[in-house]
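Since the structure comes first, as structure tokens, the remarks are kept for the end.
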Amino acid sequence: MVKFWHALLTAGTLLAASAQAQSADQNELIRRGEYLAIAGDCGACHTEEGKAPFSGGHAIVSPLGTIFSTNITPSKQAGIGHYTEAEFAAALRKGIRADGSRLYPAMPYTAYARLTDEDISALYAYFMQGVKPVDERPPQTALPFPFNLRISMAVWDLLFADDKVYQPDPTQSAAWNRGAYLVQGLAHCSTCHTPRNLLMAEQQSQLLKGASLGTWYAPDITAPALAGKPHWTQQMLAEYLLTGHAANGATAGGPMREAIDKSFSRMTDEDRQAIATYLLPADAAAPKTPDVRRLQPVTGDDLPPTLAALSQGEQIYRDNCASCHNLSGQGQNGLPALQNHPVLNKPVADNVAMAILDGIWPEKGQGMIGFAGSLNDEQIADVTNYVMQDMGHSQVQITPERVRVLRAGGDTSPLKLLARLGMGAAVVALILIAFWFRKRRAAKV
């Protein structure tokens, strides 16, 4: 009898230890999933300011119309609580929801397709067990016809989607492969930094070579561009992903500022360094003296002329910008310099105009107010062109008409016009067919 109770107690102890180990493993899986959700920047799109995490409703303005993000909490009524892990994986990798309908590629499933099964499992564990369910349905996306027919996305996916999981390159280092996995997958960098074709698919031949986001411009982040002027190093890139600032004078604004605040700055140092290693594989081609800003003090010869001789752009700069950025654009009181700032080296002036229109507001640190309410389109263009030319030594200019487009939210997609033309042609064809049938019937009578 004693042996029986001893065996029973031993079995109970072993079962308890096993359950405790399984619980610890599950908690670790959930924590890992939470980190992956941060690296994937899921909160940026699925969390609306002032609302519960991941409850959706964030408005994503696209060239085809406004897309509202979905509730991805484990709510069975309003969220994804009824998803199996296989259905969750299909949504992430293939853009197919549990009910079989298609997601719009505003959800970067074309990038998340690179995720491993292990990372999918960790994300599933986090969203099902680490997120509080919210029984609130966000607004429904209602794109104009024919884009409201989600079945059309099946054709788009067949043409452009690739659901192949990332395969490490054995000729590269572990850091390079980790960076490639993050850039191509979780961080979905190509979503912004790769130009798109007429059907809104990424042009793989121009991968990461820069693209307009409608308002802001995502610059070329290929290795040749980063090694050029203003020169980047791996350390600068890693620092930029952490703080939004780099030693070459770069400062983040717009969508990149948001990505840094909500995702990159919360990743590990190792992962930020891995991203830098992948984007800029080696510093061997770097000049011995990095092309960092070299600011010279203002001398008597540099003093401004009389106000009457100032251009309209310079007058606006003096009235609105000089108190923070200095008359010569050298920056003061900890605010960034504009002289030779990397943003002034871009092929378009959109980012400068957008910063002036909307301002820049990081979650931490000093921000910049926007002037959309106090300066008109012509004034924004004038001061943008002054900064681009006189402080960035760039020939790139912007027109008041372009500023007007940026203020309104950016360009619209030609797909809308093409769809309307197509619908018009279809209506005309139907009328002609109906007329032909009517005429044929009358002839028989």
Side-chain angles (χ1 to χ4, degrees), residues 40-42 44-46 60-70 86-117 119-120 123 141-167 169 180-214 216-222 255 259 278-279 410-423:
D41 207 11
C42 304
C45 288
H46 290 278
I60 303 168
V61 179
S62 80
L64 301 178
T66 300
I67 298 172
F68 291 97
S69 63
T70 54
E87 290 169 338
F88 181 79
L92 280 183
R93 287 175 171 160
K94 300 179 180 180
I96 302 176
R97 301 195 295 196
D99 62 3
S101 61
R102 301 274 173 163
L103 295 170
Y104 295 114
M107 154 66 169
Y109 58 84
T110 52
Y112 293 158
R114 302 286 176 268
L115 299 184
T116 63
D117 292 343
D119 281 354
I120 293 286
L123 282 165
T141 296
L143 297 184
F145 180 84
F147 309 109
N148 61 330
L149 302 177
R150 290 178 179 265
I151 189 62
S152 63
M153 290 309 305
V155 178
W156 191 94
D157 291 340
L158 184 64
L159 291 172
F160 303 114
D162 179 4
D163 60 357
K164 294 179 181 177
V165 176
Y166 177 76
Q167 297 298 320
D169 184 343
Y181 179 71
L182 291 169
V183 169
Q184 295 177 23
L186 275 172
H188 54 280
C189 301
S190 65
T191 301
C192 289
H193 290 273
T194 298
R196 294 176 182 268
N197 62 23
L198 184 63
L199 295 178
M200 304 304 292
E202 295 173 17
Q203 299 179 37
Q204 294 303 308
S205 63
Q206 301 295 311
L207 189 66
L208 303 180
K209 289 189 175 181
S212 173
L213 306 181
W216 293 87
Y217 177 80
D220 187 334
I221 56 171
T222 60
Y278 171 69
L279 290 176
D411 299 309
T412 57
S413 172
L415 275 179
K416 282 187 176 181
L417 177 61
L418 291 175
R420 287 168 183 165
L421 290 174
M423 285 187 289

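Residue indices begin at 1 and follow the sequence shown.
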Exercise. For atom CG of L159, is the number of surrounding heavy atoms from other residues, nucleotides or ligands below 6.0 Å larger than 12?
Worked result: yes

Problem set entry | Closest non-hydrogen atom pair, P195 against G210 | CD-O, 3.2 Å

Exercise. Do you know which two heavy atoms are closest between P255 and L213, and how far apart they sit?
Worked result: CG-CD1, 3.9 Å

Problem set entry | Any pair counted as side-chain hydrogen bond (donor to acceptor under 3.5 Å, both in side chains), so long as it reaches residues 192-205, sequence neighbours left out | S190-E202

Problem set entry | Test ring pair (Phe, Tyr, Trp, His ring centres under 6.0 Å) applied to Y278 - qualifying residues, sequence neighbours left out | W176

Problem set entry | Heavy-atom pair with the smallest gap, counting every atom of A218 and C192 | CB-O, 3.3 Å

Exercise. Among H188, Q184, Q167, which one satisfies side-chain contact (heavy atoms from CB on, under 4.5 Å) with R114?
Worked result: Q184

Exercise. Can you name the nearest heavy-atom pair linking Y109 to A91, along with the distance?
Worked result: CB-O, 3.8 Å

For this session: Look only at the side chain of Y181 and the backbone of T116, and say whether a donor-acceptor pair between them is shorter than 3.5 Å.
Result: yes

Problem set entry | I221 side chain near V183 side chain, heavy-atom distance below 4.5 Å | no

Exercise. Distance-only, no hydrogens or angles: does the R102 side chain make a donor-acceptor pair with backbone N or O of R150 under 3.5 Å?
Worked result: no

For this session: Kindly indicate, with the supporting measurements, whether the criterion side chain to side chain contact (heavy atoms under 4.5 Å, CB included) is fulfilled by R93 and I120.
Result: CA-CA 9 Å; R93 287 175 171 160; I120 293 286; 3.7 Å; yes

Problem set entry | Nearest atoms (heavy-atom pairs only) where Y217 meets K209 | OH-O, 4.2 Å

Problem set entry | Contact check, side chains of R97 and L103, non-hydrogen atoms, under 4.5 Å | yes

Exercise. What distance do L279 atom CG and T222 atom OG1 have between them, rounded to the nearest 0.5 Å?
Worked result: 9.0 Å

Exercise. When rounded to the nearest 0.5 angstrom, what is the spacing between CD1 in I67 and CG in L143?
Worked result: 5.0 Å

Problem set entry | Spacing of I60 atom CD1 and C45 atom SG [to the nearest 0.5 Å] | 4.0 Å

Exercise. Is the closest side-chain heavy-atom distance between F160 and M200 below 4.5 Å?
Worked result: no

Problem set entry | Any side-chain heavy-atom pair of D119 and Y166 under 4.5 Å | no

Problem set entry | Considering all heavy atoms, the nearest Y112-G40 contact | OH-O, 2.8 Å

Problem set entry | Nearest-0.5 Å distance that lies between atom CG in D157 and atom CG in D162 | 11.5 Å

